[in-house]
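These notes concern the structure reproduced below.
None of the values given here were measured: they were computed from a predicted structure.
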Amino acid sequence: MRLVFAGTPDPALPSLRRLLDSSRHEVVGVLTRPDTVAGRGRKVVRSPVAMLADEHGISVLQPAKPSDPEAMAALRDLEPDCCPVVAYGALLPQPVLDIPRHGWINLHFSLLPAWRGAAPVQAAIAAGDEVTGASTFLLEQGLDTGPVYGVVTERVRLTDTAGDLLTRLADSGSQLLASTLDGIDDGALQAVPQSGDGVSHAPKVTVESARIDFGRPAHLIDRHVRSVTPAPGAWTEIGDVRVKIGPVTITDEELEPGRVEVRKKAVLVGTATTAVSLGLVQPHGKKQMAATDWARGARDVNGATAR
């Protein structure tokens, strides 16, 4: 089939690479988000998907909105049979959905109907799910509500960060997406409507929602920190200093919630249950370092309150 691949960030790359290597399908174009300006030098940055497409000499569409008339015309000119989607980052209106004859097939990193929305991997870790996965489904106007073609499962490890889990799902999901497209091409695969039971939602994680509440139990803080690592990163204020916090370790010691205690080989913070030991700490504007190294160089940390 002739494919136009829609995607933007790094987790989309395994799927695009697999389809580029496929002998059954031809990637004739890529739809991705516009270039951004970032860094102190205000350099123009292309998305990871755009850069991979550039390497292969593939046409790249980067409209501000997919509904832009010029973008729709360019997409029609590519005559796609199907459009696979992995983390594109923008809603597709019905006229755009209608262009490919086999529709838009989305790879979503959850077992639908669980965790519909922008941050399914983060939500699964924060909720303490033992098993999650990825699904391929036919895009429609509802938020991740379309009928499902296939799923792959993945166990959530006790030490998984969102980055760890997403890396594994991006790889196994790429195989699922390729198999789904093969089945559609063969006419051997039919999508099944999602169940109305077990629906849950995973809204976008914001910097503010990544803040740590040390008034919660230690096991929930552990999940929360891992769920927002590496991005946007869990954070708190200790004294008057804002710091990012890497994954923590639950201890059997008891401290008042938020109280910071510096030991020779650990920096502990109290929670609603037992204290957690901080791993990596990154003060604002500085490099990440071990919590003990940070505490030795910081002022008024011991006995301070994390909030």
Could you tell me the separation between the [atom1] atom of [X] and the [atom2] atom of [Y], rounded to the nearest 0.5 Å?
{"X": "Leu280", "Y": "Trp294", "atom1": "CG", "atom2": "CH2", "answer": "12.5 Å"}
{"X": "Arg17", "Y": "Leu13", "atom1": "CZ", "atom2": "CG", "answer": "5.0 Å"}
{"X": "Glu70", "Y": "Leu75", "atom1": "CD", "atom2": "CG", "answer": "13.5 Å"}

Could you pull out all residues at least two apart from [X] that satisfy side-chain hydrogen bond (donor to acceptor under 3.5 Å, both in side chains)?
{"X": "Arg296", "value": "Asp293"}
{"X": "Asp21", "value": "none"}
{"X": "Arg101", "value": "Asp81"}
{"X": "Asn302", "value": "none"}

Please tell me whether [X] and [Y] are part of a single hydrophobic cluster in this structure, the criterion being side-chain heavy atoms less than 4.5 Å apart.
{"X": "Val243", "Y": "Val269", "answer": "yes"}
{"X": "Leu220", "Y": "Leu268", "answer": "no"}
{"X": "Val60", "Y": "Ile99", "answer": "no"}
{"X": "Ile221", "Y": "Ile125", "answer": "no"}
{"X": "Leu20", "Y": "Val85", "answer": "no"}

Counting distance only, does the side-chain N/O of Arg226 pair as donor-acceptor with the main-chain N or O of Asp160 below 3.5 Å?
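Pair found, side chain donor or acceptor close to backbone of Asp160.
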
Expected output: side-chain Thr32 to main-chain Gly7 donor-acceptor under 3.5 Å
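Such a contact is found between Thr32 side chain and Gly7 backbone.
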
side-chain contact (heavy atoms from CB on, under 4.5 Å) partners of Arg24, counting only residues at least two apart
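Counting only residues at least two positions away or on another chain, Arg24 forms a side-chain contact (heavy atoms from CB on, under 4.5 Å) with Ser22, Asp182, Asp185, Asp186.
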
side-chain contact (heavy atoms from CB on, under 4.5 Å) against Arg33, all qualifying residues, sequence neighbours excluded:
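Residues passing side-chain contact (heavy atoms from CB on, under 4.5 Å) with Arg33: Thr8, Tyr88, Ala90.
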
Among pairs that include at least one residue of [range], which meet side chain to side chain donor-acceptor pair (under 3.5 Å), considering only residues two or more places apart or in two chains?
{"range": "residues 104-118", "result": "His108-Ser110, Trp115-Asp129, Arg116-Gln194"}
{"range": "residues 238-253", "result": "Glu253-Arg263"}
{"range": "residues 198-208", "result": "Thr206-Ser209"}
{"range": "residues 131-143", "result": "Thr136-Thr180, Glu140-Thr145"}

Could you pull out all residues at least two apart from Glu256 that satisfy salt bridge (Lys or Arg N to Asp or Glu O under 4.0 Å)?
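Checked Glu256 against salt bridge (Lys or Arg N to Asp or Glu O under 4.0 Å); zero matches.
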
Which residues satisfy the salt bridge (Lys or Arg N to Asp or Glu O under 4.0 Å) test with Arg223, sequence neighbours excluded?
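Salt bridge (Lys or Arg N to Asp or Glu O under 4.0 Å) list for Arg223, sorted by chain: empty.
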
Please give me the minimum heavy-atom distance between Pro66 and Val96, naming the atom from each residue.
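That closest heavy-atom pairing would be O-CG2, 3.5 Å.
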
